[in-house]
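All figures in this text were calculated on a predicted structure; none of them were measured in a lab.
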Amino acid sequence: MTSPKAVVTNTDSKPLEVKSVFYSDGVQCAASLFLPEAGAETSDGLPAILMVHGWGGVQGALTGPFIAAFIAAGYAVMTFDYPGWGSSEGLPRNCINPIKRVGNVESALTHLKQQSVVNAKKIVLWGTSFGGGHVVDTAAQHPELLGAIAQVPMLDGQDAVKAIPLLSLLRFGAYGITDCFMGRRPIYIPVVSAPGEFGSMDRDGAEDAMNRGIEIANIQYDNRVAARSVLTIGMYRPIKRLAKIKIPTLLIGALRDSVAPFNRTNIENRNKDYVQTKMIDANHFEPYFEPVLSQNLQYQLEFLHSLSANKE
């Protein structure tokens, strides 16, 4: 299917933004390509970063500082909404299936490669949280890419499930199994909630982080996820794909992460040739904000600089 013509907007306070759509599984998905000022004038195309959002992530939420830093480093940056989320079409709304999402990332990558201002041979995958797992899955299938970055990545669903308190786990199971029989009329639970309240993420300051993120970005956020989605977590183990990665990959773990525990030794032992790790003293959501953000971005920008240097 052919995408409608892109719409370009530009203001003094924002980078050049090109809005477009692509199709994944027959569903129209919204995308935004952010460009440095002189992006359209680059003869061989810009290096580009494909941003892959996390569990309940949508365009704009929590990613603004990263987009700005990557654009300043000379990269084009594309964000997108998964089918059924944010500005993308698709029903039922706010359902998560990690295998389908990896397919959505593939569709988004194809769309990014087709952009005339982008150098298709210089694309870096970037993912956060649950999306970090999708980046690992996708990187393992694309040795032609320039590199990959995943921050606080959810690499092993079994570890994530083990970190959930037992009573919450039982409640998730009951809601999730019931929801599997609801078809296109899901039972919803909050994506994020206050500590101790029922939601798919109530730890590591999840609710405060999302509220800060949507306030900074000035966007609306639908804080719901279909309960059936939680049943997919334990079976999703992108860590098994680490050994297949053949491109430079940076994984940034947080020492106090109780949402997506990061086993550095286990990760490093799976691929010493292409995967490097960095650790930051933070919980799952602190890397999006200062004072941790600066250290997080420093690791990522140094990695991007090393990719450019190796390519020259």
Side-chain angles (χ1 to χ4, degrees), residues 53-58 61-62 82 85 93-99 101 127-134 136 150-182 186-214 221-240 251-267 277 279-289 292 296:
H53 297 294
W55 174 256
V58 295
L62 300 174
Y82 298 109
W85 287 82
R93 303 298 295 176
N94 296 24
C95 286
I96 298 173
N97 180 310
I99 304 305
R101 279 195 164 186
T128 187
S129 192
F130 209 58
H134 307 337
V136 167
Q151 62 172 29
V152 290
M154 204 296 289
L155 297 178
D156 193 335
Q158 291 188 5
D159 286 345
V161 168
K162 290 175 184 176
I164 300 173
L166 180 58
L167 290 179
S168 295
L169 193 62
L170 293 173
R171 194 173 179 186
F172 285 147
Y175 272 73
I177 292 171
T178 303
D179 187 34
C180 286
F181 296 97
M182 299 303 291
I187 297 171
Y188 289 104
I189 63 176
V191 175
V192 295
S193 60
E197 294 186 3
F198 188 56
S200 68
M201 288 185 289
D202 68 335
R203 289 162 290 153
D204 289 14
E207 185 181 56
D208 287 343
M210 184 60 76
N211 288 340
R212 287 175 66 186
I214 61 178
Y221 183 68
D222 184 7
N223 186 30
R224 301 180 304 160
V225 60
R228 69 193 71 169
S229 305
V230 300
L231 300 180
T232 68
I233 297 174
M235 297 177 288
Y236 186 53
R237 307 189 69 196
I239 192 169
K240 292 185 174 183
L251 304 180
I252 300 175
L255 290 170
R256 294 180 280 106
D257 193 335
S258 69
V259 175
F262 192 86
N263 188 328
R264 188 178 193 180
T265 301
N266 186 22
I267 290 166
T277 63
M279 300 300 298
I280 46 182
D281 185 8
N283 65 26
H284 189 72
F285 289 98
E286 288 172 337
Y288 297 97
F289 305 102
V292 181
N296 186 19

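I252 has its side chain out of reach of T277: every pair of non-hydrogen atoms, C-beta onward, lies at least 4.5 Å apart. Contact check for Y221 versus V191: side-chain heavy atoms found under the 4.5 Å cut-off. Under the 4.5 Å side-chain criterion, counting only non-hydrogen atoms from C-beta, D202 is not in contact with V192. Annotation: side chain of V136 is not in contact with side chain of P153 (no heavy-atom distance under 4.5 Å). Using a 4.5 Å heavy-atom cutoff, the side chains of L62 and F289 are in contact. Here the side chains of W55 and V230 are in contact, with some heavy-atom distance below 4.5 Å. A heavy-atom distance below 4.5 Å is not found between the side chains of S229 and N97. Taking the side chain as every heavy atom from C-beta outward, W85 and I96 approach each other to under 4.5 Å.
Between F198 and Y175, the two ring planes are tilted [angle within 30° to 60°]. Y236 and F130 have tilted rings, their planes meeting at an angle from 30° to 60° on a 0 to 90° scale.
Heavy-atom minimum distance, I280 versus P287: CD1-CG, 3.6 Å. Of all non-hydrogen atoms in S200 and V225, the two that sit nearest each other are OG-CG1, 4.0 Å. Counting all heavy atoms, side chain and backbone alike, A163 lies closest to R203 at O-NH1, 3.0 Å. The shortest heavy-atom contact between M154 and A160 is SD-CB, 4.1 Å. Minimum interatomic distance between A206 and M201 (heavy atoms only, all atoms of both residues): CB-O, 3.6 Å. For the pair V292 and A282, the tightest heavy-atom approach, listed with the atom from each and the gap, is CG1-CB, 3.9 Å.
How far CD1 of I189 is from CG of N94: 11.5 Å, rounded to the nearest 0.5 Å. Note that the CZ atom of F285 and the CE atom of M210 stand 6.5 Å from one another [nearest 0.5 Å]. In this structure, I239 CD1 and D159 CG are separated by 7.0 Å, a value rounded to the nearest 0.5 Å. Here the CG-CG distance, from N263 to L155, works out to 10.0 Å after rounding to the nearest 0.5 Å. Note: E286 CD to D208 CG = 11.0 Å, rounded to the nearest 0.5 Å. Put simply, CD1 on I187 and CZ on F181 are 10.5 Å apart, with the number rounded to the nearest 0.5 Å.
Side-chain contact annotation: S129 with H284, donor-acceptor N/O pair under 3.5 Å present. Checked by atom type, the side-chain pair T128/Q151 shows a donor-acceptor distance below 3.5 Å. Side-chain contact check for D204 and S258: at least one donor-acceptor pair (N or O, by modelled atom type) lies under 3.5 Å.
Between the R101 side chain and the G54 main chain, a donor and an acceptor come within less than 3.5 Å of each other.
With respect to D281 and R256, a salt bridge is recorded, a charged nitrogen being found less than 4.0 Å from a carboxylate O.
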